[in-house]
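This report refers to the structure that appears directly beneath it.
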Amino acid sequence: MSRRKSTKIKERSITESLQEYGRGVAGGLMFSLPLLYTMEVWWAGFNTHPYRLLAYVLTTFLLLLGYNRYAGLRRDRSMTEVAIDSVEEMGIGLFLAFLVLFLLGRITFEMPINEIAGVIVVEAMTVAIGVSVGTAQLGAGGKDEGMGVNSKDGIHFGAQIVFAFCGAVLFAANLAPTEEIVIIGIQTSWLKLIGVAVFSLLIAFLILHYSDFKGAGEFVRADHPTLILLGTVVTYAIALSSSALILWFFGRFDGVTMFTALAQTVALGLAATLGASAGRLLLQ
């Protein structure tokens with residue numbers, strides 16, 4: 001991938017390049033394997049409208065552009081290199097999704113081409129995000145090796161938003177296609193939903209500002225109560241937004257009441273909050 005090249009460090013060897021691709025493959029499978037084994041995701045791929053598939057691909061590509069732009073703070077890279085990284089990661093995601101689904105017997109060459117393409121695209125987008133995260137985060141040498149860059153330099157609000165969205169998607173995408181989310185949305189009372197929302201906010205606060213997680217002091221340190229509250233609320237808002245987008249993509253809002261849609265979003269928001277909070281700390 002193009003992040004292997006820099007004006008400040010020597011070009012990596014073929015072995016190092018292959019190791020980087022290996023980290024990407026491992027990361028893609030680590031973060032997406034439950035989806036590849038989930039029946040509801042297979043059916044979503046068979047039935048999802050092409051417009052939704054296109055929206056999913058474009059949204060994923062934008063997330064990859066943002067993550068590849070900020071992860072590791074390789075500010076010397078051009079946007080062309082960032083775009084090449086993102087295209088490569090989507091390509092790896094598509095290949096891995098096809099390979100695993102084919103080996104599991106979930107796609108065959110006797111199936112209609114639109115069904116094959118649909119299920120691969122649905123699965124591959126989360127795989128691609130995992131590939132990007134794995135490439136950047138699973139190396140032994142550290143992201144800033146030889147760069148002389150302080151990891152705190154350049155971490156700003158836009159980067160934090162991108163990391164939070166990536167983390168939220170990785171967590172929420174594993175639950176959104178399941179029937180359990182629909183059941184929770186139908187059966188949960190408004191009082192319990194308020195409890196879930198409050199609990200989600202508490203989880204975000206604990207991870208970001210209280211429990212001394214790795215990266216908390218470095219990336220989200222805040223001493224003023226207003227900043228702490230703002231950071232917690234923004235993280236939860238990102239989690240809810242991610243949840244709503246993913247639920248819409250999987251058709252969970254089709255034909256349901258506004259309350260049921262809101263209930264599903266809040267329920268899935270708990271998992272997404274974990275991902276968004278972890279993403280702000282661990283995906284740098």
Side-chain angles (χ1 to χ4, degrees), residues 31-32 34-35 38-60 62-63 66 122-123 125-126 129 157 160-209 226 228-280:
F31 288 112
S32 67
L35 280 178
T38 301
M39 180 175 63
E40 290 88 350
V41 184
W42 307 334
W43 284 110
F46 298 149
N47 301 319
T48 300
H49 194 281
Y51 288 142
R52 287 191 179 182
L53 290 176
L54 179 60
Y56 198 32
V57 170
L58 292 176
T59 302
T60 301
L62 290 175
L63 276 178
V122 169
E123 299 278 13
M125 295 305 98
T126 305
I129 296 175
F157 184 73
Q160 288 286 313
I161 294 294
V162 170
F163 296 143
F165 261 110
C166 286
V169 169
L170 287 175
F171 274 62
N174 286 281
L175 296 175
T178 65
E179 292 298 326
E180 286 77 7
I181 292 297
V182 177
I183 294 172
I184 291 171
I186 294 173
Q187 297 182 350
T188 304
S189 67
W190 66 267
L191 191 60
K192 288 185 178 179
L193 287 179
I194 292 175
V196 172
V198 171
F199 184 62
S200 299
L201 286 165
L202 287 174
I203 288 294
F205 167 74
L206 287 174
I207 293 175
L208 294 172
H209 300 292
T226 301
I228 292 175
L229 178 62
L230 179 62
T232 301
V233 171
V234 168
T235 301
Y236 185 52
I238 292 171
L240 290 178
S241 300
S242 303
S243 298
L245 287 171
I246 295 171
L247 288 166
W248 169 82
F249 171 75
F250 283 111
R252 295 312 189 193
F253 292 163
D254 298 346
V256 302
T257 65
M258 182 69 71
F259 177 81
T260 299
L262 176 63
Q264 291 182 75
T265 302
V266 173
L268 185 59
L270 176 57
T273 299
L274 287 169
S277 301
R280 290 187 62 189

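Predicted, not measured: the structure shown is a model, and the values here were computed from it. Heavy atoms only: backbone and side chains are in, while hydrogens, waters and symmetry mates are out.
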Review point. Taking all non-hydrogen atoms of both residues, which atom of Ala276 and which atom of Ala239 are closest, and how far apart?
Key: CB-CB, 4.5 Å
Exercise for review: Check whether any side-chain heavy atom of Leu245 lies under 4.5 Å from a side-chain heavy atom of Phe249, and answer yes or no.
Suggested key: no
Exercise for review: Evaluate whether atom CZ of Phe199 has more than 12 neighbouring non-hydrogen atoms of other residues, nucleotides or ligands under 6.0 angstrom away.
Suggested key: no
Practice item. Spell out, as yes or no, whether a donor-acceptor pair under 3.5 Å connects the side chain of Thr126 to the backbone of Glu123. Key: no
Practice item. Any chance you could measure Thr59, atom OG1, to Leu54, atom CG, to the nearest 0.5 Å? Key: 9.0 Å
Study note, to complete from the structure: Rounded to the nearest 0.5 Å, the CZ atom of Arg280 sits from the CZ atom of Phe163 at a distance of 11.0 Å
Check your understanding: What pair of heavy atoms forms the shortest contact from Ala173 to Leu35, and how long is it?
Key -> O-CD2, 2.8 Å
Check your understanding: If we only count heavy atoms from C-beta on, is the Ile129 to Phe31 side-chain gap below 4.5 Å?
Key -> no
**Study point:** From Leu270 atom CG to Phe171 atom CZ, the distance as rounded to the nearest 0.5 Å
**Key:** 11.0 Å
Check your understanding: Which residue pairs pass the side-chain hydrogen bond (donor to acceptor under 3.5 Å, both in side chains) test when at least one of the two sits in residues 253-270, sequence neighbours left out?
Key -> Arg52-Asp254, Thr257-Thr260
Practice item. Would you give the length of the straight line joining atom OG1 of Thr188 to atom CD1 of Ile183, rounded to the nearest 0.5 angstrom? Key: 10.5 Å
Point to revise | Exercise: identify the closest heavy-atom pair between Gly269 and Tyr236 | key: O-CE1, 4.4 Å
Review point. For the atom pair OG1 (Thr38) and CG (Asn174), what is the distance rounded to the nearest 0.5 Å?
Key: 7.0 Å
Practice item. Check whether any side-chain heavy atom of Ile161 sits under 4.5 Å from a side-chain heavy atom of Val234, and report yes or no. Key: yes
Practice item. Output the distance between atom OG (Ser243) and atom CD1 (Ile238), rounded to the nearest 0.5 Å. Key: 11.5 Å
Practice item. Return the minimal non-hydrogen interatomic distance between Val233 and Leu201, and the atom names on each side. Key: CA-CD2, 4.3 Å
Practice item. Mind listing the closest non-hydrogen atom pair of Ser277 and Thr235 along with its distance? Key: OG-CG2, 3.6 Å
**Study point:** SB check Arg252 Glu179 (cutoff 4.0 Å)
**Key:** yes
Point to revise | Minimum-distance pair of heavy atoms, taken over all atoms of Ile184 and Ala267 | key: CG2-CB, 3.6 Å
Check your understanding: Are any non-hydrogen side-chain atoms of Leu274 and Ile207 less than 4.5 angstrom apart?
Key -> yes
**Study point:** Phe205 vs Leu229 side-chain heavy atoms within contact, under 4.5 Å
**Key:** no
Check your understanding: What do you reckon, is CH2 of Trp43 surrounded by more than 12 foreign heavy atoms closer than 6.0 Å?
Key -> no
Exercise for review: Might you work through the side-chain contact (heavy atoms from CB on, under 4.5 Å) test for Thr48 and Tyr56, ending with a clear yes or no?
Suggested key: CA-CA 11 Å; Thr48 300; Tyr56 198 32; over 6 Å; no
